[in-house]
Each structure stands twice: as C-alpha cells, then as structure tokens.
Amino acid sequence: NAKKPGIEFCFYSAQMNQKLQERTKLEFELWMALEREEFFLEYQPIVDARTGRIAAVEALVRWMSPERGRVMPDAFIPLAESTGIILPLGEWVLKTACTKLRQWLDAGGLPLRMSVNISGCQFMRSELCRLVEEAAEQSGVDLALLELELTETCLIKDVEETATKLWRLKGLNVSIGIDDFGTGYSSLQYLKNFPIDHLKIDRAFIRNVCELPDERAIVDAIIGIAKAMELHVIAEGVETLEQAEYLRHRGCDELQGYYYHRPLSEERLLEVLREERER
Ligand code: C2E
Ligand code: CA
Ligand code: CA
Ligand code: CA
C-alpha cells in the first residue's frame, strides 16, 4: 500500500513525458511544414441572407502532413499559438489569402470579400498593421475587401492598446469583425469604443436555435445588439434550411455553414462562383 503513490507518480510522469515528447515532435514538424510549404487554404463561402449569393469567403488553414495526412486547424493552431509559430503562419495565411483574392478578381471574378482569422497572440504580438500594408502591396488587393476576424478575449487584454491598433487598421480601410461572439468574456463596453464592423455568432448558438428557447434568446439578443449598434451580423454553422430561415427572418445579414457550402478548395470555389454567375 505504501508503494502505491510512487507507482502512480511513475505512471503519471511517464504519461506526461510522452505528452511532452509528442508536443515537441509536433512543434518541430510545424516548423518544417512552414519551410516545406505544407500548409494550404480552403475557402468557405459566406452568403447574403436574402439572396443566397456568395458575398465573402473565409480563409481556413489546413496542413498536408507527409506523416499525418490532412490535419485540421484545431489540432495545430493551439500549439502554433503557444510556440509563436502562429506569427509566420499567420503572415503566410494573410498574404496568401490576399494574393488569391486579387488573382480571382483579375480573372474576372465579381467583387468578393475575404475574411482572415487572426489569433489573439498574433494580434497582440505582431505588427499587424505593417503586415496588412505589406500584404496589400504584394498582392495589389483593395483592402476594403479584407476582413479580419478577431476574438473577444484578445481584445480586452489591454483595452487602450487594442483601441490604438484597431483604429490604425481601420485607417487602412480593412473591416474588423468579432469571431465566436458570445463565447468569450463578453464586455459590451468594447463594442462602443472599438471600431468594429461585424459580429459573427458562434455556431454553438446556432446548433439548437430552432429547438432551445435559451439559445434562441441568445441569438436574438446578439442580433438585437448588432442592429442597435449598426453592425453587420453573420451567423456561422448554419446546417439546415430551418436555421437559415429563422436567422434571415430575425435580420441576420449573412449566413455561413454546411447548409450552403463546406470549406472548398480553390478550384471548387472558382467552379461554384462561375456556376453562380451563370445562374
Ligand atoms: P472558426 O473561425 O470559428 O471557423 C469556423 C469553423 O467551423 C471551421 O472549422 C469551419 O469549417 C467550421 N464550420 C463551418 N460551417 C460549419 C457547419 O455548418 N457545421 C459545422 N459543424 N462546422 C462548420 P475549421 O476549418 O476546422 O477551423 C477551426 C478553427 O481553427 C476556426 O474556427 C479558427 O478559429 C481556427 N483557424 C482556422 N484557420 C485559421 C487561420 O488561418 N488562422 C488562425 N489564427 N486560426 C484559424
Ligand atoms: Ca472565423
Ligand atoms: Ca475562432
Ligand atoms: Ca466559431
């Protein structure tokens, strides 16, 4: 009996050790992946709630690992954030998204907005303004078509610094949106003080919007706040016609989700856009 804690300790520490090794291995692989250009983007359309037409796309990063196969962002973004890999990765995402958008427009595509996710630590640590300017210069894209999706948690860490940064970004003409709205430490105060253009309702609230009165109350409240403050409101994770209809009736401006389109490869997106233009 006296030995038991020791055995348990060995067991846990072996397990911890293994976890640490796995993290170190993954971190190394992520640096390699940057070097070998194994990351790629998919684009999920965001449609106008009234017309159902594509108004924007959100760039979503994936990793084609030679060892692990196709890896989704939830499996590597957290580690990329804690190790700083998110800085060069985020820069690559931003510049690639802008370059692609410019190429599509040059090829005769209709004006389309591009949404890019910005991690909290990327917002705090990098010189996002300089990066955005560089991306615009390199790609020649009109920054009025670029939207940055930030999360609430990253905005309220240092309110004054955040406000300064956001106003500088605003000066470049980019739009700023709050991603996963309602899931963070919501402080309605910042909505008033920051130059925010849109709110994106997290899919956790959309999932049961037609069944659960509580979820519906949250969604209605978010839409109400957005309307009162004249912000654009987008719902993500729309999977059914019923959800789409509900959100449209409530006055949601744009909808995104599997009901309309999954995240698409570049080729597939261009096909979908072409089909839509011919309709
Ligand atoms: P997010 O920004 O909330 O993006 C929406 C996620 O929901 C995407 O997952 C998308 O594929 C998924 N989704 C869209 N519509 C539906 C639907 O109807 N039903 C369901 N069940 N899911 C739907 P994904 O691509 O796995 O991305 C996960 C998260 O990874 C993103 O969440 C975002 O926080 C992060 N992420 C993705 N790309 C980037 C990036 O380039 N930079 C940063 N910093 N984060 C990224
Ligand atoms: Ca997002
Ligand atoms: Ca997110
Ligand atoms: Ca979300």
Side-chain angles (χ1 to χ4, degrees), residues 30 33-34 38-47 54 56-64 70-101 113-126 128 131-132 135 146-155 175-184 186 197-210 218-219 222 232-244 247 252 254-265 268-269:
L30 288 175
L34 266 177
E38 291 166 2
F39 293 105
F40 65 100
L41 297 179
E42 286 193 322
Y43 306 92
Q44 187 175 31
I46 300 171
V47 307
I54 299 174
V57 294
E58 178 176 4
L60 295 161
V61 70
R62 281 91 180 80
W63 170 30
M64 188 47 83
R70 189 189 151 93
V71 189
M72 297 303 276
D74 286 336
F76 63 85
I77 291 284
L79 189 66
E81 285 173 340
S82 64
T83 55
I85 296 174
I86 196 68
L87 299 179
L89 177 58
E91 178 170 346
W92 178 85
V93 169
L94 183 67
K95 290 185 172 168
T96 305
C98 288
T99 304
K100 289 296 179 185
L101 181 60
R113 296 175 350 254
M114 174 69 78
S115 245
V116 174
N117 292 286
I118 304 292
S119 278
C121 60
Q122 195 186 350
F123 180 77
M124 297 310 291
R125 281 175 53 193
S126 73
L128 198 52
L131 216 64
V132 167
L146 180 66
E147 285 177 350
L148 303 179
E149 297 192 1
L150 307 168
T151 50
E152 295 164 278
T153 358
C154 92
L155 296 179
S175 314
I176 296 161
I178 313 246
D179 205 358
D180 302 338
F181 188 78
T183 62
S186 296
D197 302 286
H198 74 252
L199 301 182
K200 201 170 205 182
I201 310 174
D202 192 63
R203 67 169 195 265
F205 300 121
I206 304 301
R207 195 177 305 135
N208 298 310
V209 77
C210 297
I218 293 173
V219 169
I222 296 176
H232 211 71
V233 57
I234 305 168
E236 70 171 22
V238 178
E239 295 186 350
T240 67
L241 173 63
E242 208 187 352
Q243 290 166 348
L247 293 161
C252 220
E254 291 178 359
L255 308 172
Q256 178 183 17
Y258 296 169
Y259 175 68
Y260 294 99
H261 302 278
R262 293 193 167 244
L264 308 172
S265 67
R268 189 68 197 117
L269 172 70

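Bear in mind the structure is a predicted one, so any value in this text is a computation, not a measurement. Read the numbers this way: they start at 1 and go in the same order the structure lists the ligands and their atoms.
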Query raised in the report: For ligand 1, which atoms, with element, lie under 4.0 Å from some heavy atom of Glu236?
Result: 3 (O), 5 (C)
Report task. With heavy atoms under 4.0 Å as the rule, classify the contact between Leu89 and ligand 1 as side chain, backbone, both or neither. Result -> neither
Requested in this report: Please could you name the atoms of ligand 1 that Glu239 approaches to less than 4.0 Å, counting only its heavy atoms?
Outcome: 17 (C), 18 (O), 19 (N), 20 (C), 21 (N)
**Report entry** Side-chain heavy atoms of His198 within contact of Ile178, under 4.5 Å
**Finding:** no
Query - Sequence neighbours excluded - salt bridge (charged side-chain N to carboxylate O under 4.0 Å, His left out) pairs with any residue from residues 79-90 - result: none
Query raised in the report: Side chain or backbone of Ser119 under 4.0 Å from ligand 1, or both, or neither, by non-hydrogen atoms?
Result: both
Query raised in the report: Of all N, O or S atoms in Glu58, which has the smallest distance to the Ca ion (ligand 2)?
Result: OE2
Query raised in the report: Rounded to the nearest 0.5 Å, how far does CG of Leu89 lie from OG of Ser119?
Result: 8.5 Å
Query raised in the report: For the Ca ion (ligand 2), which N, O or S atom of Glu149 is at the shortest distance?
Result: OE1
Query - pair Glu149-Glu236: side-chain heavy atoms closer than 4.5 Å - result: no
Using a 3.5 Å cut-off and no angle test, enumerate the donor-acceptor pairs between side-chain atoms of residues 39-47 and protein atoms at least two apart in sequence or in another chain.
from: Glu42; atom 1: OE1; to: Arg62; atom 2: NE; distance (Å): 2.7
from: Glu42; atom 1: OE1; to: Arg70; atom 2: NH2; distance (Å): 3.1
from: Glu42; atom 1: OE2; to: Arg70; atom 2: NH2; distance (Å): 3.3
from: Gln44; atom 1: OE1; to: Gln256; atom 2: NE2; distance (Å): 3.0
from: Gln44; atom 1: NE2; to: His261; atom 2: O; distance (Å): 3.0

Query raised in the report: Does ligand 1 have any atom sitting under 4.0 Å from a heavy atom of Gly90?
Result: no
**Report entry** Atoms in ligand 1 with a heavy atom of Arg62 nearer than 4.0 Å
**Finding:** 25 (O)
Query - the Ca ion (ligand 2) to Asp179: nearest N/O/S atom name - result: OD2
Query raised in the report: Is it the side chain (CB and beyond), the backbone, both or neither of Arg203 that lies under 4.0 Å from ligand 1, heavy atoms counted?
Result: side chain
Query raised in the report: Between Glu147 and Lys200, is there a salt bridge with N-O shorter than 4.0 Å?
Result: no
Query raised in the report: With the Ca ion (ligand 4) as the point of reference, which N/O/S atom of Glu236 is the closest?
Result: OE2
Query raised in the report: Does Gln256 come within less than 4.0 Å of ligand 1, judged by its heavy atoms?
Result: no
**Report entry** Subset of ligand 1 atoms that lie under 4.0 Å from at least one heavy atom of Gly257
**Finding:** 15 (N), 18 (O)
Query - Atoms of ligand 1, numbered as shown, that sit under 4.0 Å from any heavy atom of Pro263 - result: 11 (O)
Report summary line: Nearest non-hydrogen contact to atom 26 (O) of ligand 1 from the set Pro73, Cys121, Ala80, Ala59 belongs to Pro73
Query raised in the report: Which of the atoms of ligand 1 are close to Gly237, meaning less than 4.0 Å from one of its heavy atoms?
Result: 16 (C), 17 (C), 18 (O)
Query raised in the report: For atom 18 (O) of ligand 1, which of Phe123, Tyr258, Phe76 has the closest heavy atom?
Result: Tyr258
Query raised in the report: Going by heavy atoms in the side chains, are Thr151 and Phe123 under 4.5 Å from each other?
Result: no
**Report entry** Validation row: Tyr260, Ile54 side chains within 4.5 angstrom (heavy atoms)
**Finding:** no
Report task. Please find out if the Ca ion (ligand 2) and some N, O or S atom of Ser115 are separated by less than 3.0 Å. Result -> no
Query - Within-4.5 Å side-chain heavy-atom neighbours: Ile77 and Asn117 - result: no
Query raised in the report: Under 4.5 Å between any side-chain heavy atoms of Ile218 and Val209, yes or no?
Result: no
Query raised in the report: If you stand at the Ca ion (ligand 4) and look out to OD1 of Asp180 and OD1 of Asp202, what angle do those two lines make, to 10°?
Result: 80°
Query - Distance (rounded to the nearest 0.5 Å) between Gln243 CD and Tyr258 OH - result: 12.5 Å
Query raised in the report: For ligand 1, is any non-hydrogen atom under 4.0 Å from Val61's backbone (N, CA, C, O), its side chain (CB onward), both, or neither?
Result: both
Query - Leu79 side chain near Ile85 side chain, heavy-atom distance below 4.5 Å - result: no
Query raised in the report: Any side-chain heavy atom of Cys98 sitting closer than 4.5 Å to one from Leu146?
Result: yes
Report task. Quick one: look at Val238 and ligand 1, take heavy-atom pairs under 4.0 Å, and tell me if it's side chain, backbone, both or neither. Result -> backbone
Query raised in the report: For atom 43 (C) of ligand 1, which candidate among Thr96, Asp202, Asn117, Thr151 holds the nearest heavy atom?
Result: Asn117
**Report entry** Numbered atoms of ligand 1 (with element) below 4.0 Å of Asp180, judged on heavy atoms
**Finding:** 3 (O)
Query raised in the report: Can a non-hydrogen atom of Glu58 be found less than 4.0 Å from any atom of ligand 1?
Result: yes
